[in-house]
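One is the number of the first residue; the rest follow in order along the sequence.
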Amino acid sequence: MADSSFDVVSKIDRMELDNAINQAIREIDTRFDFKNTGAKIELSGDKLAIEADTEERAKATLDVVKDKMIKRGVSLKHLDAGEPQLSGKIYKIASTMKEGISTENAKKIAKFLRDEGPKSIKTQIQGDELRVTSKSRDDLQTAIEQIKNGKFDFAVQFVNFR
């Protein structure tokens, strides 16, 4: 029997992210406590820009975005938000969306699986993915559970289970 495998990736569902941002924009436009605060949200590529007249409104706007991301199933571990910065009369929060597993993070997962996982598992780093192989599908499912329960500071998904 051939080896079974799966890939560990960290990808953002762009449609869900766009939907979350659009819902947040709609909510900020209609909520009474955001009237005349200059609150704006803008997503361009991997950059998320939030603007407001006061620091508190900028943080509240970020909270609305986070709430909508959670409701749409986009992990907050993808969002790398900075602190509000004063730019003229406007407070701005510059955020980036993190995607892909870096080499050092892939090494963390591989070491975690070597130490904690079933012994039949082999790992291989392939760009911004980590391939996990084994002869036993049960061992692979155990590895998936262990990775899910491992407290990593980045979001992981599992694809190509064969």
Side-chain angles (χ1 to χ4, degrees), residues 1-28 31 40-51 58-85 92-162:
M1 188 169 119
D3 284 0
S4 299
S5 68
F6 68 87
D7 294 335
V8 180
V9 297
S10 180
K11 292 194 174 21
I12 301 171
D13 186 349
R14 285 286 169 192
M15 284 302 244
E16 291 299 330
L17 179 64
D18 286 343
N19 289 339
I21 298 300
N22 289 335
Q23 285 178 347
I25 290 170
R26 243 187 332 261
E27 182 170 325
I28 286 170
R31 268 179 48 179
K40 288 196 312 189
I41 303 169
E42 188 177 310
L43 177 68
S44 59
D46 287 342
K47 305 282 187 228
L48 177 68
I50 296 173
E51 296 180 2
K59 287 182 179 179
T61 305
L62 180 61
D63 287 342
V64 170
V65 170
K66 287 180 179 180
D67 183 50
K68 296 303 177 188
M69 285 176 64
I70 290 170
K71 285 185 179 172
R72 299 300 301 190
V74 179
S75 175
L76 291 182
K77 292 180 180 179
H78 289 299
L79 181 66
D80 185 20
E83 288 298 311
Q85 302 290 324
K92 294 183 178 183
I93 299 177
S95 307
T96 56
M97 303 305 289
K98 297 184 292 187
E99 198 170 22
I101 297 178
S102 65
T103 305
E104 54 268 6
N105 288 339
K107 288 180 181 177
K108 283 181 192 175
I109 295 175
K111 181 177 182 339
F112 175 75
L113 285 176
R114 256 195 325 272
D115 296 343
E116 307 289 327
K119 298 302 174 203
S120 67
I121 284 185
K122 295 183 217 49
T123 58
Q124 179 181 5
I125 299 172
Q126 298 178 332
D128 61 351
E129 298 180 351
L130 178 72
R131 168 132 323 148
V132 180
T133 58
S134 175
K135 291 206 181 294
S136 167
R137 284 178 166 247
D138 292 339
D139 287 350
L140 290 178
Q141 289 175 339
T142 303
I144 287 174
E145 283 303 313
Q146 288 178 333
I147 293 172
K148 282 182 183 176
N149 296 334
K151 302 294 185 231
F152 297 108
D153 58 345
F154 50 93
V156 293
Q157 293 87 30
F158 307 99
V159 294
N160 297 337
F161 191 93
R162 334 190 163 125

Enclosure of K98 NZ (heavy-atom neighbours >12, cutoff 6.0 Å) = yes
Search all heavy atoms of I121 against all heavy atoms of V132 and return the closest pair with its distance.
-> CG2-CG1, 3.5 Å
Mind checking whether V64 and R31 have side chains closer than 4.5 Å, heavy atoms only?
-> yes
Determine whether P84 and K59 make a side-chain contact, defined as any pair of heavy atoms from C-beta on separated by less than 4.5 Å.
-> yes
Under 3.5 Å side-chain donor-acceptor pair for N105 and S102 | yes
Might you work through the side chain to side chain contact (heavy atoms under 4.5 Å, CB included) test for E129 and V8, ending with a clear yes or no?
-> CA-CA 6 Å; E129 298 180 351; V8 180; over 6 Å; no
Any side-chain heavy-atom pair of T96 and K47 under 4.5 Å | yes
Residue pair A20 / K68: nearest heavy atoms and the distance that separates them = O-CB, 3.5 Å
Scan the side chains in residues 149-162 for donor-acceptor partners under 3.5 Å anywhere in the protein, sequence neighbours excluded, and list what turns up.
| unit_1 | atom_1 | unit_2 | atom_2 | d |
| --- | --- | --- | --- | --- |
| N149 | ND2 | E145 | O | 3.2 |
| Q157 | OE1 | K11 | N | 2.8 |
| N160 | ND2 | D7 | OD2 | 3.0 |

Taken in chain and number order and not counting sequence neighbours, the residues that satisfy side-chain contact (heavy atoms from CB on, under 4.5 Å) with E16 are D13, N19, R72, V74
At what distance, to the nearest 0.5 angstrom, does OG of S5 lie from NZ of K122?
-> 11.0 Å
When rounded to the nearest 0.5 Å, the distance separating CE of M97 from CD1 of I12 is 4.0 Å
Taking the side chain as every heavy atom from C-beta outward, state whether S10 and H78 have any atom pair closer than 4.5 Å.
-> yes
Of the non-hydrogen atoms in T123 and A110, which two are nearest, and what is the gap between them?
-> OG1-CB, 3.4 Å
Spatial distance of atom CD (Q146) from atom OG1 (T142) [nearest 0.5 Å] = 6.5 Å
Is it the case that S120 and S136 place a side-chain donor and acceptor less than 3.5 Å from each other?
-> no
Is there side-chain contact between I28 and T61, with heavy atoms separated by less than 4.5 Å?
-> yes
Do the charged groups of D115 and K111 touch, with an N to O distance under 4.0 Å?
-> yes
Least distance between heavy atoms, I144 atom then F6 atom | CG1-CZ, 3.5 Å
Determine the minimum heavy-atom distance between S134 and L140, stating which atoms define it.
-> CB-CD2, 3.8 Å
Could you grab the distance from atom CG of L48 to atom CD of E42, nearest 0.5 Å is fine?
-> 9.0 Å
Compare all side-chain heavy atoms of R131 with those of T133 and state whether any distance is below 4.5 angstrom.
-> yes
Answer yes or no: is there an ion pair linking K71 with D67, defined by an N-O contact shorter than 4.0 Å?
-> yes
Would you name the heavy atoms of I50 and A58 that are closest together and state the gap between them?
-> CG2-O, 3.9 Å
Would the number of heavy atoms belonging to other residues, nucleotides or ligands and lying under 6.0 Å from CD of E83 be above 12?
-> no
Rounded distance [0.5 Å steps], CD1 in I109 versus CD1 in I101 = 4.5 Å
State the CG-CG distance between L113 and L130, to the nearest 0.5 angstrom.
-> 7.0 Å
